[in-house]
Colleague: 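This is the structure I want to talk about, given as structure tokens.
Labels below follow one simple rule: chain letters A, B, ... track the order of the sequence lines, proteins then strands, and each chain is numbered from 1.
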Protein chains: 2
Amino acid sequence: MQVFTYMISFCENPPVTVFDPNRKRNARGEQRQQALLRAAAAAFGRLGYHQTTTNAIATEACVSPATLYQFFPNKEAIASELASMYAREMAEAERAIDSDGVLSFVEAVAELIDVCMSFNRKRPEFHTLVVDAPLSPSARADKQTLGQVFVDFIAVRLRRERPDLSRFEAAHHGQVALMIFRGILDELTVASAHARPRLELAMRNAILRYLMPVLTESPRK
Amino acid sequence: MQVFTYMISFCENPPVTVFDPNRKRNARGEQRQQALLRAAAAAFGRLGYHQTTTNAIATEACVSPATLYQFFPNKEAIASELASMYAREMAEAERAIDSDGVLSFVEAVAELIDVCMSFNRKRPEFHTLVVDAPLSPSARADKQTLGQVFVDFIAVRLRRERPDLSRFEAAHHGQVALMIFRGILDELTVASAHARPRLELAMRNAILRYLMPVLTESPRK
DNA sequence: CTCCCATACAAGTAGATACTTACATATCGA
DNA sequence: TCGATATGTAAGTATCTACTTGTATGGGAG
């Protein structure tokens, strides 16, 4: 009975030397966690997701690899945490555009594109996180939601101009706009500072020129 | 001196048990090499470049991993060989379009897009090879050339319609068309058979709508 | 003061995978 | 038929990298 009690206590209170989601954090711990996220963001941005090792993240944060695993269960969790933060932040920024509906269709879409491009420029690591990293289900959901916000933004404005357009059609055109955005963004992330303004203009032109005919084409297609 | 002679002979005629580019091949060897390329293509297409292990390629070809290394120095060389073949084949197909110049601008560009989409549909592994695989310098050059053929095809047709357009401007618009193509292609490669025709239409629309205004906008921009 | 536990790390382990070695067999020219 | 060489493989090795273990330290609650 003594042995059994001992085993229970042994199994229930092991010395915590790995990640525990319920562990209490003090101020130092919170700061370490934030520092690790910042270090990971910098490393992902410089090397891309796959080239960035957990050891590199630890080194960047000036801690040992073991310390990293006190705060995150694995590499994917770090990427997922960052991707979720960024996806929610970006979705929020998109939702804030023209909330009082005073912008014209062209102005609103141009603003949407600007906001998205600015965000990706401010957070260069976001691209590799979304494209290359395997994400947790919840991070995937946030990424999915972000895409949906972009699509819906355009779909809503399309139907505001052309109420006879089906929801399905409107969403489809929003999705195509997103594909165009991603295609040009891929180049923007590697473009020289000198080439960037011209590409940003091309981004606006490509998406708006795709969408404009939708507003005027024959109602029954 | 004997020892020296022995060492020379030892160094110059080691039993060849690894890849040697100058090795003579017999018919069986040629067939094995082709079979390995076919197996690799199938595996890359199914799993993507990174998920495809050299062991998986060997298994797919029904040989041992060691046999694979009799015919290729490393995994990258297999991907590079395939990517080069495909890039050259696709570039050739693009150059063959409208060689006698009878098509209109819209017809020619639409044909270009069709050819590119058909090729990617016929060789689903091409996408991951070009996007995900680290390629040899020569394969990278072939990939680069392929992109240039696409860009030039459009640039030449643009300047045929608007001779006052600078080469630089024309190439820029060709590059943007390529970015749009890639953005939508990314989705096409994962789209359901049901969603594909709609996306293929969107591909044509997105690129042509981007390019058409270039033909009519004010000569001095 | 003191005990608990969060923090920290040196020095590992584990598992995956690209690639090799040592050796056996098939083919083919002379 | 025989030797040279191409083809083939079982059973590895080497290395990389995500992740752990055992142990030491420091700060805060009681």
Colleague: Once salt bridge (charged side-chain N to carboxylate O under 4.0 Å, His left out) is applied, do any residues pair with A:R204, and if so which ones, sequence neighbours excluded?
Modeller: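 For A:R204 the salt bridge (charged side-chain N to carboxylate O under 4.0 Å, His left out) partners, ignoring immediate neighbours, are A:D114.
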Colleague: To the nearest Å, how far apart are A:F19 CZ and C:dA6 C1'?
Modeller: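 Atom-to-atom, A:F19 to C:dA6, this comes out as 14 Å.
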Colleague: With a non-hydrogen cut-off below 4.0 angstrom, is B:F72 in contact with a base, only sugar-phosphate, or nothing?
Modeller: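 Counting heavy atoms under 4.0 Å across all strands, no contact is made by B:F72.
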Colleague: Among pairs that include at least one residue of residues 43-63 of chain B, which meet side-chain hydrogen bond (donor to acceptor under 3.5 Å, both in side chains), considering only residues two or more places apart or in two chains?
Modeller: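 The answer is B:R46-B:E60.
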Colleague: Supply the atom-to-atom distance A:F44 CZ to A:H127 NE2, rounded to the nearest 0.5 angstrom.
Modeller: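 One gets 15.5 Å once the value is rounded to the nearest 0.5 Å.
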Colleague: Pairs under 3.5 angstrom, nitrogen or oxygen only, protein versus nucleotides 24-30 of chain D, please.
Modeller:
none

Colleague: N/O contacts under 3.5 Å, protein versus nucleotides 11-18 of chain C?
Modeller:
| unit_1 | atom_1 | unit_2 | atom_2 | d |
| --- | --- | --- | --- | --- |
| C:dA18 | OP1 | B:K75 | NZ | 3.4 |
| C:dA18 | OP2 | B:T54 | N | 2.7 |
| C:dA18 | OP2 | B:T54 | OG1 | 2.8 |

Colleague: Only distances under 3.5 Å count here; give the side-chain donor-acceptor pairs of residues 189-196 of chain B to other protein atoms, sequence neighbours excluded, each with its distance to 0.1 Å.
Modeller:
| unit_1 | atom_1 | unit_2 | atom_2 | d |
| --- | --- | --- | --- | --- |
| B:T189 | OG1 | B:D186 | O | 2.8 |
| B:S192 | OG | B:A195 | N | 3.2 |
| B:R196 | NH2 | B:A191 | O | 3.4 |

Colleague: Want to settle it: does A:K24 or B:A27 sit nearer the 5' end of DNA chain C, counting the closest nucleotide to each?
Modeller: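 So the residue in question is A:K24.
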Colleague: Choose from C:dA8, D:dG8, C:dT21 the nucleotide whose nearest atom is closest to any side-chain atom of B:T67.
Modeller: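 Selected nucleotide: D:dG8.
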Colleague: Taking ring pair (Phe, Tyr, Trp, His ring centres under 6.0 Å) as the definition, give me every residue that meets it alongside B:F153, ordered by chain and number, with sequence neighbours left out.
Modeller: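 Listed in chain order: nothing, the list is empty.
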Colleague: Please state whether the phosphate of C:dA8, meaning OP1 or OP2, lies under 4.0 angstrom from any side-chain nitrogen or oxygen of A:R32.
Modeller: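 For C:dA8, OP1/OP2 do have a side-chain N/O of A:R32 under 4.0 Å.
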